[in-house]
Number of protein chains: 2
Amino acid sequence: MDDVFQNIGNKLTLSQRIERTLENAIREKKLPVGSKLPSEREMCESFGVSRTALREALRRLSARGLIIIRKGSGMFVSEIKIADAIKTLNLYYDLKFDENLLAQIIEVRCLFEPEIARLAAKNRSDENLAELEQCLDEFEKCDPDNTQREADIDNKFHLGITKSTMNPIMQVTMEPIYSLLPRMRNYIYANIEGEKVHTLKYHSDLLDAIRNREGDRSYSIMKAHLERTRGIYHKYMHK
Amino acid sequence: MDDVFQNIGNKLTLSQRIERTLENAIREKKLPVGSKLPSEREMCESFGVSRTALREALRRLSARGLIIIRKGSGMFVSEIKIADAIKTLNLYYDLKFDENLLAQIIEVRCLFEPEIARLAAKNRSDENLAELEQCLDEFEKCDPDNTQREADIDNKFHLGITKSTMNPIMQVTMEPIYSLLPRMRNYIYANIEGEKVHTLKYHSDLLDAIRNREGDRSYSIMKAHLERTRGIYHKYMHK
DNA sequence: ATCAGTATGATGTATGACAAATTTATAGCA
DNA sequence: TGCTATAAATTTGTCATACATCATACTGAT
């Protein structure tokens, strides 16, 4: 082990210790979600620290999404949302962004989404179906010049299929992928002449297969759909 | 639209505006990674705010991993790490944890990892191979009573395969899944009598297939490997 | 009972002071 | 000149106090 000598002089600051204490209390559900924290004055007293140190700990916790602070009202244990993690991932991608990113995303989608479509056909609920139908409808009616909105609806459709797997981990896993797409809207097939018709056909076929619980067919259609996207990328984008 | 009257009173606090300003500067790389921020005194002056407000903004940024603060030294723009996002996800799972989680994870792995194995066989480098070989070796030599270490090495092997796809998005996408596994070590097949032999065989076969760049075979072995895991889960764990 | 105004308590910001850690400058020496 | 040890300056961490701003509960008049 190389890390024998580490973590000894690693003194945490006071506010970090406070942060950790509160975080553990939340993790162990001594402070359940939705509950109100004591006021700053009270916590200062019970911790025996200044308001400054306490507040800086609370700022950190709120930045991480563990608590929400309402001015004049109080502080509450917050339900951590996937969105918090996705925000961090997005920031990561913002700084790591390179020209290969789009190709890599398409590759991931080609690999994962057909399987997702298969599972969705098996597990979908009627509500899922309704949502997908609405997406398709919106997509159909959408102004072709509004490529931004088009891409958003496209995205929502695919996310809807992922939700239909009824496996929340699946959704959490794929969310960051989908959240990456909007930022590269302008590079995406949506604004390639005549592509909307194809997308519409694929989506409509997919919906049909999922409605009838045809797993293998859903798989195939999704595969063809994304492979076409990949082809377009290589033809038009990849210089 | 129902939201005509929304988002007007939604005033951000001063420290939040400071946070956002600095965050944007980092995103736009006006403050490049590794660069030193001005001192608190200087920023207070240029922003025209108190030290309190500024510091609370800085605490938030450091909590989110955008900057690191060194007492007596200064503040520096930090390279955001995937680990930051994964920490948030882990917190999320900590609070959302229910008995279905393990089954859901296994399902995701059954769907995704065979495809990953196929791609890994195609794209792996010699370095990837060496890492996988080392994992296998360690796994073989590992004390069977040390199920914790065994599970960690197992994990590392699978993560190594994901890395071998040479697609960083793939890695980022799967990392949270793998990071979930250690916490459920005690529920996992590792401590089921005689299971190590099977795992070893699967891993060794997988390595062989990946070495020879046999994509389809890698797919099949991985599928069988994980389906066995799923079977064991349903047999032993799922009451 | 309804509504306006008020009192109270919560968080947000400002200021000044000192502590603690680090870096930089300085003085002394070889 | 170059090195070392000490001193000084700089920077972040914490404390204390005061006041501003927002949300809610209370009060009282209509």
Side-chain angles (χ1 to χ4, degrees), chain A residues 5-23 25-26 31-79, chain B residues 5-23 25-26 31-79:
Chain A
F5 298 103
Q6 281 188 348
N7 269 333
I8 290 189
N10 206 348
K11 277 189 294 188
L12 293 173
T13 66
L14 179 57
S15 68
Q16 283 171 324
R17 289 200 314 261
I18 300 171
E19 179 190 11
R20 192 170 285 194
T21 302
L22 288 172
E23 179 181 345
I26 293 174
L31 296 172
V33 168
S35 66
K36 191 174 191 292
L37 295 175
S39 72
E40 290 182 353
R41 200 184 96 320
E42 291 171 287
M43 295 181 93
C44 285
E45 264 190 39
S46 53
F47 281 130
V49 299
S50 75
R51 229 187 126 194
T52 310
L54 177 68
R55 278 180 63 84
E56 300 202 341
L58 294 168
R59 289 287 131 358
R60 277 203 274 262
L61 289 172
S62 93
R64 296 170 50 204
L66 276 86
I67 63 175
I68 57 179
I69 305 178
R70 281 202 279 267
K71 178 171 178 180
S73 177
M75 300 175 290
F76 304 84
V77 178
S78 162
E79 187 166 15
Chain B
F5 298 101
Q6 280 188 349
N7 268 333
I8 291 190
N10 210 346
K11 276 189 294 190
L12 292 172
T13 66
L14 179 57
S15 68
Q16 283 172 323
R17 289 199 315 259
I18 299 171
E19 179 190 11
R20 191 172 285 193
T21 302
L22 289 172
E23 179 181 344
I26 294 174
L31 296 172
V33 169
S35 66
K36 190 174 191 293
L37 295 177
S39 72
E40 291 182 353
R41 204 190 101 276
E42 291 172 285
M43 295 181 95
C44 285
E45 264 189 40
S46 54
F47 280 131
V49 300
S50 75
R51 224 185 133 200
T52 311
L54 177 68
R55 278 179 64 83
E56 300 204 340
L58 294 168
R59 288 298 99 80
R60 281 208 192 80
L61 290 171
S62 93
R64 295 170 51 204
L66 276 86
I67 65 174
I68 56 180
I69 304 177
R70 280 202 279 267
K71 179 172 178 179
S73 178
M75 300 174 289
F76 304 84
V77 179
S78 161
E79 185 165 18

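Values below: all heavy atoms of this structure, side chains included; hydrogens, waters and symmetry mates excluded. Chain identifiers are assigned alphabetically (A, B, ...) following the order of the sequence lines, protein sequences preceding nucleic acid strands; residue numbering begins at 1 within each chain.
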- Item | Residues B/Met43, B/Ile18; criterion side chain to side chain contact (heavy atoms under 4.5 Å, CB included); working and verdict | CA-CA 10 Å; B/Met43 295 181 95; B/Ile18 299 171; over 6 Å; no
- Note on the structure: In 5'-to-3' order, the base (B), backbone-only (S) or no-contact (-) status of each nucleotide in nucleotides 12-21 of chain C, using a 4.0 angstrom heavy-atom cut-off, is BBBB-B--BB
- Intermediate values then yes/no, side chain to side chain contact (heavy atoms under 4.5 Å, CB included), A/Met75 and A/Glu40: CA-CA 9 Å; A/Met75 300 175 290; A/Glu40 290 182 353; 4.0 Å; yes
- Query: Just wondering, do B/Lys71 and A/Thr13 contact through their side chains at under 4.5 Å, heavy atoms?
  - Reply: no
- Could you go step by step and tell me if B/Leu14 and B/Phe47 meet the side chain to side chain contact (heavy atoms under 4.5 Å, CB included) rule? CA-CA 11 Å; B/Leu14 179 57; B/Phe47 280 131; over 6 Å; no
- Note on the structure: Students should find that the nucleotides of DNA chain D closing off the region near chain B, any atom under 4.0 angstrom from a heavy atom, are D/dT11 to D/dC22
- Query: When you check the side-chain N and O atoms of A/Thr52 and B/Arg55, is any donor under 3.5 Å from an acceptor?
  - Reply: no
- From the options B/Arg60, B/Glu56, B/Gln16, select the one residue that forms a side chain to side chain contact (heavy atoms under 4.5 Å, CB included) with A/Ser62. B/Arg60
- Distance-only donor-acceptor check, side chains B/Arg59 and A/Ser15, under 3.5 Å: no
